[in-house]
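This report refers to the structure that appears directly beneath it.
Atoms within a ligand are numbered from 1 in the order they appear, just like the ligands themselves. For the numbers below, each heavy atom of this structure counts, side chains included, while hydrogens, waters and symmetry mates do not.
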Amino acid sequence: MTNQTTGLGASPERPIAKVAPATLPQNSEISERDFGRMARIVNRAVGIELEQSKRVMIQARLRQRLAQLNIGSFDDYLSFVSGPSGGEELAIMVAALTTGTTRFFREKHHFDHMTLEALPPLVSRARKGGRVRIWSAGCSRGHEAYSVGLTVLSQMSDANEFDVRILATDINVNNLRQAHAGEFRDDEFSPVVAESLENWFERDSAQDVAESWIAGKELRELMTFLPLNLVGEWPMTGKFDIIFCRNVLMYFSVDFQQLTVERLADALAPSGYLYLGHSEHLREQIAGLQTVRNCQSTYRCKDRWR
Ligand SMILES: C[S@@+](CC[C@H](N)C(=O)[O-])C[C@H]1O[C@@H](n2cnc3c(N)ncnc32)[C@H](O)[C@@H]1O
């Protein structure tokens with residue numbers, strides 16, 4: 001099944017193969033030329049800029065994959081990836097090149113700002129029958145999206161009975177599959193207050209690990225998970241009241257950072273908020289976005305923009 005959204009040929013239903021131990025290929029050094037070629041393929045497909053400083057790490061990660069496929073050189077591997085049947089392998093390669101580091105309530109000031117400034121008008125709108133949409137773009141294994149869900153439920157415990165939805169997207173279908181499963185270990189929850197955990201998560205009895213939790217019905221009903229390449233087409237047509245796109249753009253080339261922020265600005269509803277990662281503050285003014293002064297890497301859609 002080709003995934004229409006990512007264009008990368010993988011989907012949450014179709015697991016990415018686990019890397020099995022295998023004999024390393026003979027000629028598995030990545031040359032300057034191959035690295036340049038890989039950088040161009042990856043930049044075109046997903047906007048990511050491969051840094052020379054990561055060359056050894058990338059080589060180590062992909063060696064295992066070459067061995068598994070029984071491919072003897074990076075040159076042959078890149079021909080396969082960019083060939084007619086390479087779509088799914090491109091997704092696997094990108095997964096090997098990106099990190100999914102994340103945690104609950106990361107950069108907590110955004111969740112505080114959301115609670116105090118962004119959510120109150122949205123809660124009253126939802127209670128009057130209005131539509132509220134929040135997007136976690138580059139959600140990794142779901143910690144960010146569930147933190148958003150917990151923040152919404154802390155202000156509106158019956159949110160799932162109204163037209164309130166959280167969209168969580170990522171290019172990495174392995175990450176997305178874990179996000180969709182909504183299962184987390186005890187030790188992943190440290191900043192989540194105990195009450196919130198007890199209210200919206202359940203003990204996961206199906207797991208061997210006793211200390212694990214699974215998202216409860218009210219939390220799950222708020223969420224939709226979708227594979228999506230931020231550099232590709234976005235199938236969503238409606239605007240978002242809040243967008244989290246944090247610690248994703250920092251992997252992109254400057255051109256794709258700029259382009260993606262412009263598209264995110266365009267996807268915001270009037271007065272909507274955009275939260276970027278702490279190292280992703282905008283160097284240039286983006287039409288339609290104004291900086292929120294009291295919260296780091298936070299931007300608001302100008303009303304007059306629409
Ligand atoms: C470091 S994690 C950030 C997770 C979360 N936003 C946070 O701040 O905790 C970066 C995520 O961006 C995703 N990503 C990288 N390039 C992407 C692209 N072109 N489209 C969508 N997601 C992408 C990766 O798969 C990874 O899960």
Side-chain angles (χ1 to χ4, degrees), residues 3-12 16 38-39 41-51 54 57-58 61 87 90-111 114 134-151 166-181 184 188-192 223 225-236 240 242-261 263-264 267 274-281 296-298:
N3 186 302
Q4 297 300 324
T5 313
T6 62
L8 289 174
S11 78
I16 285 174
M38 183 187 294
I41 294 172
V42 168
N43 186 252
R44 234 188 350 256
V46 295
I48 291 172
E49 184 159 81
L50 291 190
E51 291 166 26
K54 302 227 171 96
M57 183 267 286
I58 288 168
R61 284 189 182 179
L90 179 59
I92 295 171
M93 183 172 92
V94 169
L97 303 178
T98 53
T99 118
T101 306
T102 187
R103 57 184 178 275
F104 280 99
F105 293 97
R106 184 181 199 181
E107 299 183 45
K108 187 173 166 294
H109 52 275
H110 287 150
F111 297 96
M114 184 180 161
I134 305 174
W135 179 16
S136 166
C139 67
S140 186
R141 289 170 291 122
H143 300 63
E144 180 178 86
Y146 287 104
S147 302
V148 170
L150 291 172
T151 307
I166 299 160
L167 173 68
T169 65
D170 200 282
I171 197 170
N172 182 326
V173 289
N174 264 349
N175 285 348
L176 206 57
R177 197 177 304 111
Q178 288 183 49
H180 187 250
F184 301 97
E188 294 185 80
F189 282 106
S190 47
V192 181
M223 327 274 278
F225 297 91
L226 194 71
L228 184 135
N229 178 5
L230 281 168
V231 166
E233 279 178 36
W234 301 355
M236 306 84 81
F240 292 91
I242 301 175
I243 300 176
F244 283 75
C245 185
R246 306 180 314 158
N247 309 303
V248 180
L249 300 179
M250 61 190 190
Y251 298 110
F252 286 15
S253 60
V254 173
D255 288 353
F256 275 122
Q257 285 180 12
Q258 177 79 12
L259 181 71
T260 308
V261 175
R263 293 178 76 193
L264 291 170
L274 170 65
Y275 299 113
L276 300 181
H278 65 282
S279 60
E280 297 166 322
H281 58 270
Q296 198 187 357
S297 301
T298 302

Can you list the atoms of ligand 1 that are under 4.0 Å from a heavy atom of [X]?
{"X": "T99", "result": "1 (C), 2 (S), 10 (C), 26 (C)"}
{"X": "R246", "result": "3 (C), 5 (C), 6 (N), 7 (C), 8 (O)"}
{"X": "I48", "result": "16 (N)"}
{"X": "V248", "result": "12 (O), 14 (N), 23 (C)"}
{"X": "T101", "result": "1 (C), 2 (S), 3 (C), 4 (C), 9 (O)"}

Shortest protein contact, [atom] (heavy atom only):
{"atom": "atom 8 (O) of ligand 1", "result": "N247 ND2, 2.8 Å"}
{"atom": "atom 22 (N) of ligand 1", "result": "I171 N, 3.4 Å"}
{"atom": "atom 24 (C) of ligand 1", "result": "D170 OD1, 3.5 Å"}
{"atom": "atom 21 (C) of ligand 1", "result": "L228 O, 3.3 Å"}
{"atom": "atom 7 (C) of ligand 1", "result": "R106 NH1, 3.1 Å"}

Ligand 1 N/O within reach of [X] N/O, cut-off under 3.5 Å:
{"X": "E144", "result": "yes"}
{"X": "G138", "result": "yes"}
{"X": "L230", "result": "yes"}
{"X": "V46", "result": "yes"}
{"X": "T102", "result": "yes"}

Problem - Within-shell test, F244 vs ligand 1, heavy atom, strictly < 4.0 Å - result: no
Practice task
Report yes or no: does T169 have a heavy atom closer than 4.0 Å to ligand 1?
Solution key: no
Problem - Name of the residue among Y275, W234, W135 meeting ring pair (Phe, Tyr, Trp, His ring centres under 6.0 Å) with F240 - result: W135
Problem - Main-chain N/O of Q178 paired to R141 side chain as donor or acceptor, under 3.5 Å - result: no
